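Keep in mind the model is a prediction, meaning the values are calculated, not measured. Convention: sequence-line order gives letters A, B, ...; per-chain numbering from 1.
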Amino acid sequence: MMAEQTVAERTITLEVFRYRPEQESEPTFQTYEIPYREDWVVLDALNYIKDSVDGSLTYRWSCRMGVCGSCGMMVNGVPKLTCSTFLKDYYPHPIRIEPLANFPVARDLAIVLDDFMAKLVHVRPWIIRRQEEPLEAGEYRQTPEELDRYKHFSMCINCMLCYAACPIYGLEPEFVGPAAIALAQRYNLDSRDQGGRERMGILSTHEGIWACTLVGECTTVCPAEVDPAGAIQQAKLASALGWLRRVLVPWGNK
Amino acid sequence: MIHRSEPFWWLLFAAGGSAAAVLAPVLILLTGIAAPAGWFPQAFAYEHVRALVSHPVTRLVLFGVIVLSFFHWAHRFRYTLAEGLALKRAWLPVAVVCYAAAIAGTVSAAVVILKL
Amino acid sequence: MRAYSRPTEFNWWLTNRTYFFFVVRELTSVLIAAYMVFLLVLLRRLAAGPEAYAAYLRFLGSPGMLLFHLAALAAALYHSITWFRLAPMAITLRVRGRRVPGATVVAANYAAWLVVSLVVAWIVLRS
Ligand code: SF4
Ligand code: FES
């Protein structure tokens, strides 16, 4: 009995970034002391605050199981999916929660994600054919080996943790960025796709792959093991080799 | 111009990074520490080193690793300046100065090694 | 509603350990290139004759220069380790349609590094 009570009384402190544009022009940090539960994730703690302490707290979430990609926030300065980040990894220290870095803040922990959405579309993430096969020709077939070439680049859940981890995106908002380049590579490496050249024209620019200096944090923080840094390096190599081929064999341009 | 030729500079950077990764530690250990410290006196005797660098393969390797290391430096240094100091507006002059320095280094390396 | 933006400060790489080590990694290239300059001078002194060569070796033996070379060695080792670790990101090898795991590529890099270092040391030191 006694032991159970002391367990129930344990608390943890959350320092939460607040920004309410209608009432303040600068963000503040609000401190909440809430019950500590060993099996809670940061998102549970935020939901507890919203339900029982302060209903005005704004943030995004949906699936609670690491697949929708909407609950990304900075947890003690590191971009994390809050639905898979456990309080017990920080307890008894306080946890500081901020909206994903490098993005404008719409309200509290919710960021403006228009830029990211635009960048995803910008890299033409669909199968491009010089000429579509007629329907009677059947489906475009692909072997497991061919699928394996790009499969991990297709696992992205659009959580934007990689953009929050990338200092280059922070410094140069025009940078196409990790997830969008990984998505472009996902199609570049697809055996059914013929749009590599078109996409390379977008990627092999300063705002594309050449802004990247391989800090590597995008790959470190990615919860879906997409390895966007690898995608960018592979795109750099492909672009460089393509350039070399054009210089050495100028007549080889088909 | 530099924007368009980015793949070229990156290739030099990548080649330089690989060459330095494989060769720099052993070279530094040999010529920067072992030779001046007087270890292996016969190996670092004038005649012996002279004979070693008179071989065309030695010269080629030395020229390659030295020059590529310069371009490796130029590439990384210009990005670090532009990003580490957030000198985004000075991007082009920084790039020009860094690569010009690497090209100057290449010319002097060619002169020194040809005269060996 | 006005969105609040948080621009990156110029000292961003001092605010985070991994960013700091990233900048250290980039700046190892400065020490490596500086070493290559001293190596070039050594070759020049070598061409100038035995006295010039001996004098330059004495200069390289001064405490300041030894310290510099120790720092350059540390930088070069850090460069090698990080370079080999990142190399499998750019180059994915396939054997019979299967991706060779990154750890294997890194191990192969280390092995090649060791062999080349030993060969170079052997060529220079055999007398
Ligand atoms: S690449 Fe990874 S970190 Fe980036 S948005 Fe996709 S899942 Fe998230
Ligand atoms: S709530 Fe869907 S990923 Fe966290």
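Using a distance-only test at 3.5 Å, with no hydrogens or angles considered, a donor-acceptor pair links the side chain of Trp113(C) to the main chain of Ala21(B). Remark: the backbone N or O of Arg126(C) is paired with a side-chain donor or acceptor of His48(B) at under 3.5 angstrom. Side chain of Trp13(C) to backbone of Thr80(B): no donor-acceptor contact under 3.5 angstrom is found.
The CG atom of Leu62(B) sits 5.5 Å away from the CG atom of Leu43(C) when rounded to the nearest 0.5 Å. Once rounded to the nearest 0.5 Å, the distance linking CZ of Phe63(B) with CG of Leu40(C) reads 9.5 Å. Separating the CD1 atom in Ile33(B) from the CG atom in Leu70(C) is a distance of 4.5 Å, to the nearest 0.5 Å. For the atom pair CZ of Arg44(C) and CD1 of Ile113(B), the computed distance is 12.5 Å after rounding to the nearest 0.5 Å.
Contact count versus chain C (heavy atoms, under 4.5 Å) is highest, among Gly105(B), Ala14(B), Ala34(B), Ala37(B), for Ala14(B). Highest contact tally toward chain C, considering only Gly38(B), Ala35(B), Ser18(B), is held by Ser18(B) [criterion: heavy-atom pairs under 4.5 Å]. For the set Val65(B), Ile28(B), Leu27(B), Val26(B), the count of heavy-atom pairs under 4.5 angstrom toward chain C peaks at Ile28(B). Of the listed residues (Lys115(B), His72(B), His75(B)), the greatest number of heavy-atom pairs within a distance under 4.5 Å of chain C belongs to His72(B). Counting heavy-atom pairs under 4.5 Å between each of Leu14(C), Ile81(C), Ile32(C), Val30(C) and chain B puts Val30(C) at the top. For the options Gly61(C), Ala47(C), Ala112(C), heavy-atom pairs under 4.5 Å to chain B are most numerous at Ala47(C). Between chain B and the options Ser80(C), Ala72(C), Ala90(C), the largest number of non-hydrogen pairs under 4.5 Å is found for Ser80(C).
Listed here is the closest heavy atom pair of Ala33(C) and Ser69(B): CB-O, 4.3 Å. Pairing each heavy atom of Ser29(C) with each of Arg76(B), the nearest pair is OG-CB, 3.7 Å. Nearest approach of Pro36(B) to Leu57(C), heavy atoms of both residues: CB-O, 3.7 Å.
If you measure heavy-atom distances from Ile123(C) to chain B, the contacts under 4.5 Å come from both the backbone and the side chain. The parts of Phe44(B) that come within reach of chain C are both its backbone and its side chain, each placing non-hydrogen atoms under 4.5 angstrom from that chain. Residue contact with chain C, scored on non-hydrogen atoms closer than 4.5 Å, involves the backbone and the side chain of Ile66(B) alike. Contacts between Leu42(C) and chain B at a heavy-atom distance below 4.5 Å involve the side chain alone, from C-beta outward. Neither the backbone nor the side chain of Arg58(C) has a heavy atom closer than 4.5 Å to any heavy atom of chain B. In this structure, chain C has heavy atoms under 4.5 Å from both the backbone and the side chain of Val22(B). If you measure heavy-atom distances from Thr82(C) to chain B, you find no contacts under 4.5 Å at all.
Taking the centre of each ring, Trp83(C) and Phe13(B) come in below the 6.0 Å mark.
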> After noting the C-alpha distance and the side-chain angles of Glu83(B) and Glu26(C), does the key distance pass the side-chain contact (heavy atoms from CB on, under 4.5 Å) rule?
Replying inline: CA-CA 11 Å; Glu83(B) 281 153 1; Glu26(C) 298 298 291; over 6 Å; no

>> Thr31(B) vs Val124(C), test: side-chain contact (heavy atoms from CB on, under 4.5 Å). Steps then yes/no.
In response: CA-CA 10 Å; Thr31(B) 75; Val124(C) 173; over 6 Å; no

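Atom OH of Tyr110(C) is surrounded by more than 12 heavy atoms from other residues, nucleotides or ligands within 6.0 Å. The number of heavy-atom neighbours closer than 6.0 Å to CZ of Arg50(B), taken from other residues, nucleotides and ligands shown, is above 12.
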